[in-house]
Amino acid sequence: MTIAVTGATGQLGRLVVAKLKERTAAEQIVALARSPEKAGDLGVEVRPFDYAKTDSLVPGLARVETLLLISSSEVGQRSAQHRDVVAAATAAGVRRIVYTSLLHADTSPLNLAAEHLDTEAALAQADIPVTILRHGWYTENYTGSISGALAGGVFLGSAGDARIASAARADYAEAAAVVLTTTGHDGKVYELAGDTAWTLSDLAGEVSRQTGRDIPYKDLPATEYAAILVSFGLPDALAGAIAGWDVAASRGALFDDGRQLSTLIGRSTTPLAAVVEAALS
């Protein structure tokens with residue numbers, strides 16, 4: 001069985017390839033990458049595969065039986081790019097597709113949900129068995145802000161007391177590897193999230209505990225938070241989006257207590273404290 005992973009040089013893709021190599025022979029794995037020269041260290045076959053270059057898609061999927069479609073990073077272009085990949089997979093004879101969607105995409109208040117739902121619809125229309133992995137937030141989405149919080153002495157956000165059931169990126173990668181290498185997943189939609197929800201105040205408290213400093217969380221109106229992010233050098237659109245995601249989190253967008261992720265990987269998801277420790281090290 002040949003398994004191909006799109007976006008294989010990305011943060012999630014690299015982890016998926018590594019987890020797959022623990023579960024199947026490297027000769028059965030194909031890394032699909034926009035810049036193949038960046039994939040030389042993966043230890044598997046590498047093929048050029050660019051969502052935006054449709055002529056690269058069908059050749060990249062030749063003799064592939066199972067495809068992990070990791071969602072494109074280009075928000076606003078995802079729907080068209082993903083539909084092109086689905087069409088190419090059909091033309092290439094791919095027998096199974098696994099897609100990384102968004103937690104509760106069908107009800108989520110996050111503005112990212114629409115493109116994921118459109119992709120899910122395209123997959124449903126294709127004559128290929130599909131598994132949907134709806135990802136919650138990666139804990140690293142937040143721990144990436146630790147250095148800025150330490151420099152400024154405060155964590156900023158607009159999520160209020162939102163309960164965030166995040167998990168480490170490696171947890172999601174392991175779940176993908178499990179689904180890609182085992183049977184019984186066709187037609188299923190998995191809502192994947194961390195076992196233990198936390199708030200931004202909890203995050204600030206954990207950073208304070210591990211650093212021995214008092215780093216509080218300060219909740220701001222979304223417009224004020226976005227303006228501060230712009231002052232840090234972020235583009236207006238991205239700053240507004242980040243603030244908006246916090247507001248959506250306050251409406252439950254990032255919470256789930258179904259424990260489907262830990263059930264798939266056969267262990268508890270990585271605790272917040274461990275991801276914070278890794279970020280600080």
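Here the structure is a predicted model, which is why all the values come from computation and not from measurement.
Residues Thr270 and Thr139 fail the side-chain proximity criterion, which asks for heavy atoms closer than 4.5 Å. You'll find the side chain of Val75 reaches within 4.5 Å of the side chain of Glu115, heavy atoms only. The side-chain heavy atoms of Val130 and Val98, taken from C-beta on, include no pair separated by under 4.5 Å.
Lys21 places no side-chain N or O within donor-acceptor distance of the main-chain N or O of Ile29, the cut-off being under 3.5 Å. Proximity of a side-chain donor or acceptor of Glu65 to a complementary backbone N or O of Ile3 within less than 3.5 Å is not detected. Checking side-chain atoms of Ser72 against main-chain N and O of Glu74 turns up a donor-acceptor pair under 3.5 Å. Within the 3.5 Å criterion, the main-chain N or O of Gly184 finds a donor-acceptor partner in the side chain of Lys188. The main-chain N or O of Thr54 is never found under 3.5 Å from a side-chain atom of Asp84 such that the two would form a donor-acceptor pair.
A donor atom on one side chain and an acceptor atom on the other are not found under 3.5 Å apart for Gln210 and Glu277.
Surrounding CZ of Arg95 are at most 12 heavy atoms belonging to other residues, nucleotides or ligands under 6.0 Å away. Around atom CD of Gln77, more than 12 heavy atoms belonging to other residues, nucleotides or ligands sit under 6.0 Å away. The number of heavy atoms from other shown groups lying within 6.0 Å of CZ (Arg163) does not exceed 12.
Of all non-hydrogen atoms in Leu12 and Thr100, the two that sit nearest each other are CD2-CG2, 4.4 Å. The nearest pair of heavy atoms linking Val178 to Leu264 is CG1-O, 3.7 Å.
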### Task
Decide side chain to side chain donor-acceptor pair (under 3.5 Å) for Thr269 and Asp171; before the verdict, give the C-alpha distance in whole Å, the side-chain angles of both, and the deciding distance to 0.1 Å.
CA-CA 6 Å; Thr269 56; Asp171 296 337; 4.7 Å; no

### Task
Report the C-alpha separation of Asp41 and Arg14 in whole Å, then their side-chain angles, then the decisive distance to 0.1 Å, and conclude whether the side chain to side chain contact (heavy atoms under 4.5 Å, CB included) test is met.
CA-CA 10 Å; Asp41 61 335; Arg14 283 184 170 276; 3.0 Å; yes

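When ring centroids are compared, Tyr99 and His82 come within the 6.0 Å threshold.
Between Asp118 and Arg78 no salt bridge is recorded (no basic side-chain N to carboxylate O distance below 4.0 Å). A salt bridge links Asp106 to Arg134: one of the charged nitrogens lies within less than 4.0 Å of a carboxylate oxygen.
For residues 142-160, no pair satisfies side chain to side chain donor-acceptor pair (under 3.5 Å), with sequence neighbours left out. Contacts classified as salt bridge (charged side-chain N to carboxylate O under 4.0 Å, His left out) and involving residues 230-255 (residues at least two apart or in different chains) are not found.
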